[in-house]
Amino acid sequence: MDASDEGDGASVLRVFVGPDAPKMRIDKLLAEALPDFSRARLQALIAEGAVTLMDAPYKEDESQDVQDATARPVRSASAKIQPETALNITLPPLKAAEPVPQAIPLDVLYEDSHVIVINKPAGMVVHPAAGNEDGTLVNALLHHCAGSLSGIGGVARPGIVHRLDKDTSGVMIAAKTDQAHKALADQFASHGADGALERAYLALVWGSPKRQKTTIDAPLGRAPHDRKKMAVVSEAAGRRAVTHVEVRERFEPDGKPVAALVECRLETGRTHQIRVHLTREGTPVIGDPVYGRSHMTMANALPDPARSLAKSFSRQALHAYLLGFTHPETGEKLVFEAPLPEDMAALLASLEAL
């Protein structure tokens, strides 16, 4: 593989396919040849016409001649590549998309020169993205930490080791140094299997789980008919996901199982894992606008004020109340808890008053 500069800030990567290479999809071949690029990113470059195929076979030691050949755009990521060919990948110039520090108040639970632990409020996005360019946790951290955040997460995600959904509140940790980031990332990658990491959530759910304690082991992937949602899928189509659920309280006015407070502990960390797993069990999170809408009528079984609070709850009632980790510098086990936010605390109190 070669790389060259186009002169306008763009660069070109060149991948040569040897004579003994097996026939495979172009996106798969590029993903193997360019491990720093995700397959989704490579598919997007193909769709943008940024990947071209040489019109004649070339060997790697003939790379100086490739410049003189005519290239044609690759039309499909699923097209099969032929041996002894060359692919050009034109990368657009990097954009200066650095988030701006903003003086946004933070609820800091712990801070030293290596890490910072905060209690993220519901409604705050973790890092800038399309539609949420500022007002994020990253913007707040850049101001609070005055530039002392690790750079491993990239320009848009300095210091970010893990994330919570926008409308999920609770404990998060960010890294101030690259060394701390690497150590924490290893702990999150093991999902607590080595005992270093501990994560627990509290959720108010519709209905009542059948068992006091249960383990949900069901693979997750993109929903077949809605790519913005996650769903329980086959093992071949998804990734293993394990959630341990324990009932803290049950709310059953007139003997009807209407709602419950549950604790969820993660053995894996997939997108929307708790929300999808609880929905699969028939106990979706109260207020969940994506996975729990079909159960909203259960609020009618509650007397006021619980009924009104449940119906008006505008986000998933999910709170990351506990985070434990091994300090990346001292090796000390640290555990932090955040109390329920006001909206969840008010709803819980109304249910407990039934």
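We're numbering straight along the sequence, starting at 1. Note that these values count all heavy atoms, side chains included, but never hydrogens, waters or copies made by symmetry.
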Report yes if the side chains of Asn119 and His319 come closer than 4.5 Å at any heavy-atom pair, otherwise no.
yes

Near Lys256 NZ, under 6.0 Å, is it more than 12 heavy atoms from other residues, nucleotides or ligands?
no

More than 12 heavy atoms of other groups within 6.0 Å of Arg157 CZ:
no

Whether Phe336 and Phe325 hold their rings parallel, tilted or perpendicular, with breakpoints at 30° and 60°
parallel

Atom CG in Leu351, atom CD in Glu252: separation rounded to 0.5 Å?
12.0 Å

I'd like to know if the side chain of Arg250 and the backbone of Pro209 have a donor-acceptor N/O pair within less than 3.5 Å.
yes

Will you find, in the side chains of Asp112 and His327, an N or O donor that is under 3.5 Å from an N or O acceptor?
yes

For the side chain to side chain contact (heavy atoms under 4.5 Å, CB included) test, which of Arg239, Lys229, Met230 pairs with Thr271?
Met230

Before you tell me yes or no, could you show the steps for Val12 and Leu91 under side-chain contact (heavy atoms from CB on, under 4.5 Å), namely the whole-Å CA-CA distance, both residues' side-chain angles and the distance that decides it to 0.1 Å?
CA-CA 6 Å; Val12 175; Leu91 303 177; over 6 Å; no

List the atom of Lys120, the atom of Ile118, and the distance in Å for their closest heavy-atom pair.
N-CD1, 3.4 Å

So, does Asn88 use its side chain to make a donor-acceptor pair with the main chain of Thr52 at under 3.5 Å?
no

Do the non-hydrogen side-chain atoms of Met124 and Lys166 ever get within less than 4.5 Å of each other?
no

Would you mind reporting whether Asp107 and Pro121 have side-chain heavy atoms less than 4.5 Å apart?
no

In short, Ala310 meets Trp206 closest at the heavy-atom pair CB-CH2, 3.6 Å

Is there a path of hydrophobic side-chain contacts, each under 4.5 Å between heavy atoms of I, L, V, M, F, W or Y residues, that connects Leu266 with Tyr321?
no

Please determine whether residues Met24 and Val74 belong to a single hydrophobic cluster, defined as Ile, Leu, Val, Met, Phe, Trp and Tyr linked transitively by side-chain heavy-atom distances below 4.5 Å.
yes

Give a yes-or-no answer on whether the side chains of His144 and Glu111 include a donor-acceptor pair shorter than 3.5 Å.
yes

Would you call Ile116 and Ile173 a side-chain contact if the rule is heavy atoms closer than 4.5 Å?
no

Spatial distance of atom OG1 (Thr136) from atom CD1 (Ile160) [nearest 0.5 Å]
8.0 Å

Quick note, ring pair (Phe, Tyr, Trp, His ring centres under 6.0 Å) partners involving residues 246-280, not counting sequence neighbours, are His272-Tyr291

Going by atom types alone, do Thr243 and Glu267 pair a side-chain donor with an acceptor below 3.5 Å?
no

Any chance you could measure Gln43, atom CD, to Asp27, atom CG, to the nearest 0.5 Å?
4.5 Å

With the 4.5 Å side-chain cut-off for hydrophobic clustering, are Leu278 and Leu204 part of the same group?
no

Minimum heavy-atom separation for Leu184 and Thr326, please, with both atom names.
CD2-O, 4.4 Å

Rounded to the nearest 0.5 Å, how far apart are CD of Gln212 and OG1 of Thr214?
11.0 Å

State, to 0.1 Å, how close Val242 and Thr268 come at their nearest heavy-atom pair, and which atoms those are.
N-OG1, 2.9 Å

What do the steps show when you test Arg315 against Met344 for side-chain contact (heavy atoms from CB on, under 4.5 Å), and what is the final call?
CA-CA 10 Å; Arg315 57 113 177 171; Met344 280 187 67; 3.6 Å; yes

Starting at CD1 of Ile216, measure out to CD of Gln273 and round the result to the nearest 0.5 Å.
9.0 Å

Do Val138 and Pro158 touch side chain to side chain, with heavy atoms closer than 4.5 Å?
yes

Measuring only between side-chain heavy atoms, which start at C-beta, is Lys23 closer than 4.5 Å to Ile81?
no

Quick one: are Ile104 and His143 in side-chain contact, heavy atoms under 4.5 Å?
no

Is it true that Asp226 and Lys228 make a salt bridge, defined as a side-chain N closer than 4.0 Å to a carboxylate O?
no

Donor-acceptor check, side chain of Thr85 to backbone of Gln82, threshold 3.5 angstrom: yes or no?
yes

What's the shortest heavy-atom distance between Arg25 and Ala77, and which atoms?
CB-O, 3.9 Å

Run the numbers on Glu281 and Lys210 for side-chain contact (heavy atoms from CB on, under 4.5 Å), then give the verdict.
CA-CA 9 Å; Glu281 294 295 295; Lys210 296 177 181 178; over 6 Å; no

Can you name the nearest heavy-atom pair linking Thr177 to Ser150, along with the distance?
O-CB, 3.3 Å

Do Glu198 and Arg265 sit within salt-bridge range, that is, some charged N less than 4.0 Å from a carboxylate O?
yes

Among the clusters formed by ILVMFWY side chains lying less than 4.5 Å apart, do Val108 and Val126 turn up in the same one?
yes

Say whether Ile274 and Leu220 are linked into one hydrophobic cluster, either directly or through other cluster members, by side-chain heavy-atom distances under 4.5 angstrom.
no

Ala183 backbone acceptor or donor facing Asp186 side chain under 3.5 Å
no

Stepwise, does the side-chain contact (heavy atoms from CB on, under 4.5 Å) test hold for Arg275 with Gln316?
CA-CA 8 Å; Arg275 297 161 64 189; Gln316 61 264 14; 3.6 Å; yes

Between Leu106 and Leu141, is there a side-chain heavy-atom distance shorter than 4.5 Å?
yes

Gap between atom OG of Ser312 and atom CZ of Arg307 - 0.5 Å precision
12.0 Å

Are Arg163 and Phe188 in a cation-pi setup, meaning NZ or CZ lies under 6.0 angstrom from the ring centre and within 45 degrees of the ring axis?
no

Test Cys264 against every option in Val285, Val245, Leu202 by the side chain to side chain contact (heavy atoms under 4.5 Å, CB included) rule and name the one that passes.
Val245

